[in-house]
*Asks:* 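This is the structure, below, for whatever I ask next.
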Amino acid sequence: MTVGCKDKKPEPQPQDYLRPASVDFSKGDTSSINKLVDDFIANVNKRNISDASAALYLLKDGQAVELPLDKRQQFESIISRIPLNGCELSSFELQGEKDNKVAVAIKITPDANVETGKGTIKLVLNPVRVNGKWYLTLRDNYAEGIQQPVDQ
């Protein structure tokens with residue numbers, strides 16, 4: 001008896017990782033994302049770290065859920081220990097509904113330079129759209145829907 005692979009069907013790819021060739025964003029999309037990012041940066045600049053962390057979500061099984069209390073407290077603890085000399089947008093790259101990069105530069109020295117990165121710490125946010133609404137998530141190795149979690 002001969003065994004072959006003729007009837008073997010290819011395994012379906014997870015839908016979360018398939019990205020259309022191009023995604024068009026409306027003015028409403030970019031406006032929503034800009035507001036979320038601007039509010040986050042404003043809260044960090046005012047040292048309202050609790051409000052900044054309250055704006056963060058995570059994706060769980062395709063749904064946006066508030067960042068759990070322990071993760072919020074961890075974020076707040078880390079940011080509160082950093083010598084904060086300002087926070088501003090560093091870069092903005094939208095690719096789809098889940099795999100985006102909005103880099104925020106946290107200035108840790110008075111002479112920090114956002115363009116060169118001197119005296120800054122980069123925090124990368126990942127705006128995601130769930131059921132037509134945008135949320136801010138942190139872009140990290142555990143983020144759902146990220147193709148390349150480590151930014152080069």
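In this chain, numbering begins with 1 at the start of the sequence shown. Keep in mind that the numbers below use all heavy atoms, side chains included, and drop hydrogens, waters and symmetry copies.
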*Asks:* Please report the interatomic distance CD(Q73) to CD1(I49), rounded to the nearest 0.5 Å.
*Replies:* 14.5 Å
*Asks:* Say you draw a straight line from CG of N131 to CD of E97; how long is it, rounded to the nearest 0.5 Å?
*Replies:* 9.5 Å
*Asks:* Tell me the closest heavy-atom pair linking I108 and T120, and the distance in Å.
*Replies:*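 Shortest heavy-atom contact: CG1-N, 4.1 Å.
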*Asks:* I need the minimum non-hydrogen distance between W134 and S32, along with the two atoms involved.
*Replies:*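 Minimum heavy-atom contact is CD1-CB, 4.0 Å.
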*Asks:* Enumerate the salt bridge (Lys or Arg N to Asp or Glu O under 4.0 Å) contacts for residues 74-95, please, sequence neighbours excluded, ordered by first and then second residue.
*Replies:*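 Applying salt bridge (Lys or Arg N to Asp or Glu O under 4.0 Å) to every pair that reaches into residues 74-95, excluding sequence neighbours, yields R72-E76, E88-K107.
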*Asks:* Looking only at heavy atoms, what is the nearest atom pair of A112 and G119, with distance?
*Replies:*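 Shortest heavy-atom separation between A112 and G119 comes out as CB-O, 3.3 Å.
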*Asks:* Give the C-alpha distance, both sets of side-chain angles, the deciding distance and a yes or no for side-chain contact (heavy atoms from CB on, under 4.5 Å) between I41 and L89.
*Replies:* CA-CA 8 Å; I41 290 172; L89 183 66; 4.1 Å; yes
*Asks:* Is there side-chain contact between Q63 and V130, with heavy atoms separated by less than 4.5 Å?
*Replies:* yes
*Asks:* What's the separation between atom CG in L94 and atom CG in D29, rounded to the nearest 0.5 Å?
*Replies:* 8.5 Å
*Asks:* Rounded to the nearest 0.5 Å, what separates atom CZ in R139 from atom NZ in K98?
*Replies:* 13.5 Å
*Asks:* Would you check, one step at a time, whether the test side-chain contact (heavy atoms from CB on, under 4.5 Å) holds for L59 with Y135?
*Replies:* CA-CA 9 Å; L59 286 182; Y135 300 89; over 6 Å; no
*Asks:* side-chain contact (heavy atoms from CB on, under 4.5 Å) for F92 and N34? Distances and angles first, verdict last.
*Replies:* CA-CA 10 Å; F92 197 98; N34 282 336; 3.6 Å; yes
*Asks:* Okay, side chain of D51, backbone of N43: is any donor-acceptor separation there less than 3.5 Å?
*Replies:*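 Absent.
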*Asks:* Between NZ of K118 and OG1 of T116, what distance do you get to the nearest 0.5 Å?
*Replies:*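 Rounded to the nearest 0.5 Å, the NZ-OG1 separation comes out at 7.0 Å.
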*Asks:* Please find the pair of heavy atoms, one from Q95 and one from D99, that lie closest to each other, and give the distance.
*Replies:*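 Smallest heavy-atom distance, with atoms named: CB-O, 3.3 Å.
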*Asks:* Taking N100's backbone N and O only, do any of them form a donor-acceptor pair with N126's side chain (distance below 3.5 Å, no angle check)?
*Replies:*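 Such a contact is found between N126 side chain and N100 backbone.
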*Asks:* Output, in order, the C-alpha distance, side-chain angles, deciding distance and verdict of side-chain contact (heavy atoms from CB on, under 4.5 Å) for L58 and V65.
*Replies:* CA-CA 6 Å; L58 61 85; V65 295; 3.4 Å; yes
*Asks:* Between L69 and K71, is any pair of side-chain heavy atoms under 4.5 Å apart?
*Replies:*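 A side-chain contact under 4.5 Å is absent here.
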*Asks:* Are L36 and F40 side-chain neighbours, meaning at least one heavy-atom pair lies under 4.5 Å?
*Replies:*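 No. Closest side-chain heavy atoms not under 4.5 Å.
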*Asks:* Measuring from N85:CG to D111:CG, what's the distance to the nearest 0.5 Å?
*Replies:*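 Nearest 0.5 Å value for the CG-CG distance: 9.0 Å.
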*Asks:* Counting only N and O atoms by type, is there a donor-acceptor contact under 3.5 Å from the side chain of R47 to the main-chain atoms of S80?
*Replies:* no
*Asks:* Quick one: do V102 and V114 end up in the same hydrophobic cluster if we chain Ile, Leu, Val, Met, Phe, Trp and Tyr together by side-chain heavy atoms under 4.5 Å apart?
*Replies:* no
*Asks:* Is the closest side-chain heavy-atom distance between L138 and Y57 below 4.5 Å?
*Replies:*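 SC-SC contact between L138 and Y57 ruled out.
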*Asks:* Testing I79, I106, I82 one by one against C87 for a side chain to side chain contact (heavy atoms under 4.5 Å, CB included), which residue passes?
*Replies:* I106
*Asks:* Indicate the atoms forming the closest heavy-atom contact of P127 with I33, along with that distance.
*Replies:* CG-CG2, 3.8 Å
*Asks:* Evaluate the side-chain proximity of L125 to L56: yes if any heavy-atom separation is below 4.5 Å, no if none is.
*Replies:*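 The answer is yes; the side chains approach within 4.5 Å.
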